[in-house]
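Report on one structure; see the data block that follows.
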Amino acid sequence: QVHLVESGGGEVQVGGSLVLSCAASARIFSFNAMGWYRQAPGKQRELVATFTTGGRTVYADSVKGRFTISGDIAKNTMYLQMDNLRPEDTAVYYCTRSTVNWGQGTRVTVSS
């Protein structure tokens, strides 16, 4: 079983940027079906961005043009570059592999 550990969360002002990292405990050979979800207080967990089979990327409409998902196979690490952050991006962000393996989450707070 692959363990996933997120890092990079924190508090940032509106319009700021953060980069989240998701480190896998074991060797991964592709980022297929790996992605980022988030859960805001009182809301359900929702998809933010994901790699699909074949290496395509899918983004939630609310983050298109602002967030970028990427990965470094050599480092077994996936990233989420988040730019132009908004208060509504405040949430705990989770990385996942096939929605089976989940990290513990990293909190992002965007303040105005």
Side-chain angles (χ1 to χ4, degrees):
Q1 184 176 357
V2 175
H3 294 283
L4 304 173
V5 179
E6 303 96 336
S7 61
E11 185 168 357
V12 64
Q13 292 191 329
V14 170
S17 298
L18 283 173
V19 179
L20 305 183
S21 298
C22 172
S25 62
R27 184 79 168 92
I28 54 176
F29 296 94
S30 80
F31 291 103
N32 288 350
M34 288 189 69
W36 292 93
Y37 282 67
R38 68 185 180 187
Q39 187 166 17
K43 295 188 177 181
Q44 290 189 330
R45 193 171 296 189
E46 63 177 2
L47 173 70
V48 176
T50 188
F51 289 100
T52 65
T53 302
R56 293 187 302 113
T57 55
V58 174
Y59 293 91
D61 287 344
S62 59
V63 307
K64 281 181 182 176
R66 300 188 298 121
F67 290 11
T68 304
I69 189 172
S70 65
D72 186 334
I73 280 291
K75 295 182 178 180
N76 291 334
T77 301
M78 181 175 64
Y79 303 98
L80 185 68
Q81 171 75 46
M82 305 187 296
D83 297 317
N84 193 19
L85 284 160
R86 304 168 179 170
E88 54 265 38
D89 296 318
T90 295
V92 177
Y93 285 71
Y94 300 89
C95 67
T96 182
R97 188 176 189 187
S98 302
T99 65
V100 172
N101 303 119
W102 293 89
Q104 82 290 346
T106 185
R107 186 175 301 276
V108 172
T109 302
V110 184
S111 57
S112 56

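All values reported here derive from a predicted model rather than from experimental measurement.
A donor-acceptor pair is defined here as one N or O able to donate and one able to accept, closer than 3.5 Å; no such pair exists between the side chain of Thr77 and the backbone of Ala23. No donor-acceptor distance shorter than 3.5 angstrom exists from the side chain of Glu11 to the backbone of Val110, with no hydrogens or angles considered. For the pair Thr90 (side chain) and Thr109 (backbone), a donor-acceptor distance under 3.5 Å is absent. Of the possible polar contacts, one joining the Ser25 side chain to the His3 backbone as a donor-acceptor pair under 3.5 Å is found. Remark: side-chain polar atoms of Glu6 are not paired, donor with acceptor, to backbone N or O of Cys22 under 3.5 angstrom. Judged purely by atom type and a 3.5 angstrom limit, Tyr93 has no side-chain atom pairing as donor or acceptor with the backbone of Gln39.
Annotation: side chain of Cys95 is in contact with side chain of Met78 (closest heavy-atom distance under 4.5 Å). Taking the side chain as every heavy atom from C-beta outward, Leu18 and Val108 approach each other to under 4.5 Å. The side-chain heavy atoms of Tyr79 and Asp72, taken from C-beta on, include a pair separated by under 4.5 Å.
Between the side chains of Ser17 and Asp83, at least one donor N or O sits under 3.5 Å from an acceptor N or O.
The 12-atom threshold is exceeded at CD of Glu88, counting heavy atoms of other residues, nucleotides or ligands nearer than 6.0 Å. Atom CZ of Arg27 is surrounded by more than 12 heavy atoms from other residues, nucleotides or ligands within 6.0 Å. Other residues, nucleotides and ligands contribute more than 12 heavy atoms inside 6.0 Å of the CD atom of Glu46.
Arg45 forms a cation-pi arrangement with Trp102, by the criterion of a distance under 6.0 Å to the ring centre and an angle within 45° of the ring axis.
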Exercise. Kindly determine whether Thr57 and Thr52 satisfy side-chain contact (heavy atoms from CB on, under 4.5 Å), including the steps that lead there.
Key: CA-CA 6 Å; Thr57 55; Thr52 65; over 6 Å; no
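For the atom pair OH of Tyr59 and OG1 of Thr50, the computed distance is 10.0 Å after rounding to the nearest 0.5 Å. Atom OG of residue Ser30 and atom CZ of residue Arg97 lie 7.0 Å apart, to the nearest 0.5 angstrom.
Every residue meeting the salt bridge (Lys or Arg N to Asp or Glu O under 4.0 Å) condition with Lys64, not counting sequence neighbours, appears here in chain and number order: Asp61. Applying the ring-ring contact (aromatic ring centres under 6.0 Å, His included) test to Phe51 and every residue at least two apart in sequence or in another chain returns Phe31. In this structure, the salt bridge (Lys or Arg N to Asp or Glu O under 4.0 Å) partners of Arg66, at least two apart in sequence or on a different chain, are Asp89.
Closest approach of Gly54 and Asn32 over heavy atoms only: N-OD1, 3.7 Å. Annotation for Leu80 and Ala49: closest pair CD1-CB, 4.3 Å, computed over non-hydrogen atoms. The two residues Gly105 and Val92 come nearest to each other via the heavy atoms CA-CG1, 3.8 Å. The two residues Arg38 and Ser62 make their nearest non-hydrogen contact at NH2-OG, 3.4 Å. For the residue pair Leu85 and Val12, the shortest heavy atom distance occurs at CD1-CG1, 3.5 Å. Shortest non-hydrogen contact noted between Leu20 and Met82 is CG-CE, 3.7 Å.
Hydrophobic clustering, with ILVMFWY side chains joined whenever heavy atoms are under 4.5 angstrom apart, keeps Val5 apart from Ile28. Cluster membership for Val63 and Trp36, using ILVMFWY side-chain heavy atoms within less than 4.5 angstrom, is shared. Linking Ile, Leu, Val, Met, Phe, Trp and Tyr whenever their side-chain heavy atoms come within less than 4.5 Å puts Ile73 and Met34 in one cluster.
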